[in-house]
Amino acid sequence: MAIVPLSLTFAILLSTAVAAFHSTAAIDYGESTISDIQSYFADGSLTSRQLVSFYLTRIQSLNPYLRAVIEVNPDALSDADIADRQRLSGSLLSRGILHGIPILLKDNIATRDRLNTTAGSFALLGSVVQRNAGVAGRLRSAGAIILGKASLSEWANFRTDHAPNGWCARSGQGKNPYVASADPCGSSSGSAISAAAGMAVAALGTETDGSIICPASANSVVGIKPTVGLTSRAGVIPVSPRQDTVGPMARTVADAVAVLEAIVGYDERDAEATAAAAWFVPEGGYRQFLKVEGLKGKREKGAILLDNLEIANASLILDWDNSGEKVALLAEFKLAVNAYLSELVTSPVRSLSDLIAFNNEHKIQEQIQEYGQTSFLEAEKTNGLEAKVRAAIKRMAELSANGIERLMKENKLDAVVTPDYSFTPVLAINGYPGISVPAGYGEFGVPFGICFGGLKGSEPTLIEIAYAFEQATKARKPPLLISAGDLGCMHCGD
Ligand SMILES: *[C@@H]1O[C@H](CO)[C@@H](O)[C@H](O)[C@H]1NC(C)=O
Ligand SMILES: *[C@@H]1O[C@H](CO)[C@@H](O)[C@H](O)[C@H]1NC(C)=O
């Protein structure tokens, strides 16, 4: 890793942390993996309550700088107590890999509890959802502890074209934990930052186009963007049901895969997409593909590298204004967000036009003068899935059929490898999966990732490749502010 220039912010953090180092006996779980933690649970050296306390302390000390977490769950410690009792009583549930493990959810993933679900906006504060999002329900059923809600580019970056990545009204500007001045990317910025900085074991993010892959790359964590429909979008504040997907972000491929395994599958509240993708889920789950030899025989980097392949019409696919993606997303967003808002039990806003009015009435709170609400205004002007929208959707399907589908089939490729997030529209416009893995640190120590993408349902292959790449390179380093200073225990009571 290149030398990271210590900004003022990090210098302050570091000295406070060093001062606190001797006064706290706490062990640093900020870099622990799920399998480490499960072995501590099993040998009795750690309880879920202690682990949750560790992360709550870490959030308290780092979040004033990193702004990766909007709310912590007031019931996280009592949920941990329940998990600890289940483990002591030897319940079957407690043998699950995620049992007792604290996980953050991006703030567009609904929970029916004391946490708010707001997409980072004050407009949804106080709204009440009918039930947990499908993925949140699955995590809870697996015994995971919902630690809180992670920050994001507000409205998953669909309010405006003019706000910085990682900014939302409710928590301010999320920061890249490696280099304070670097772009944290988005829109799942808080999920990536918190996983990177050890503020949770893992987090869920969402992606419509680039929102998992890009922040994973920028903050040096693993991000899995599943095939659309592999994970339920029910209860997720939507952008486009055609492109939205929910996936894990974590420090290692194995941890991300363990979370993926828990959240995939059919959900009657997202029936069409999850039924279509359900048959991709392999018997025995995804962890069987964590094989060090996973690159063997693969026709791509590390095995057989075919360079200079071109996707037909690539420049058009990457051109948001002309590919059809912009036209489609604007219309789909209005329909989908109106449906989400109308189903809330209570809410200060019930439609996109209410949201626009709210922002106009709360200009200062939502920083409307600086950042605007250009996407909201453009979306509001759309008229459903009219002819030009349907044509745009058809064009994207054709571009994909003639592009990545043909390229991969004709060349018998296992995966397409691209640096960073340059490739995300190719994966986004027709629902393909991708995995971003930390690959190194560039100028000033700014992280970058490598993205493995493939056809629908190719997660097993992508996991094999991503895991083998990670094990061969071990490129990820924890951000300096963490490794140098243990907890940074500025507000710890004990
Ligand atoms: C949710 O928002 C309400 C304000 O409407 C606030 O009082 C409450 O503390 C928030 N919940 C959490 C867990 O922060
Ligand atoms: C590329 O785009 C052009 C213009 O939309 C279209 O005529 C052509 O069929 C496309 N090629 C492929 C391979 O999709």
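As the structure lists them, so they are numbered: ligands from 1, and atoms in each ligand from 1. All figures in this text were calculated on a predicted structure; none of them were measured in a lab. All residue numbers refer to positions in the sequence shown, counting from 1.
- For atom 5 (O) of ligand 1, a protein non-hydrogen atom is found at a distance below 4.0 Å.
- What sits closest to atom 14 (O) of ligand 1 on the protein, heavy atoms only, is E71 CD, 3.1 Å.
- Taking the six-membered ring wherever Trp is involved, the centroid distance between the rings of F358 and F122 does not fall below 6.0 Å.
- Close approach of ligand 1 to V72 is summarised as follows: ligand atoms under 4.0 Å from at least one heavy atom of the residue are 13 (C).
- Interface atoms of ligand 1 facing P74, defined by a heavy-atom separation under 4.0 Å, are 13 (C).
- Considering only non-hydrogen protein atoms, atom 9 (O) of ligand 1 sits nearest to N116 ND2, 4.9 Å.
- In this structure the side chain of T424 never reaches within 4.5 angstrom of the side chain of K225, judged on heavy atoms.
- In this structure a side-chain-to-backbone donor-acceptor pair under 3.5 Å is present from S48 to G100.
- Side-chain atoms of F289 and Y467, non-hydrogen and from C-beta on, never get closer than 4.5 Å to each other.
- Ring pair Y55/Y29: centre-to-centre distance not below 6.0 Å.
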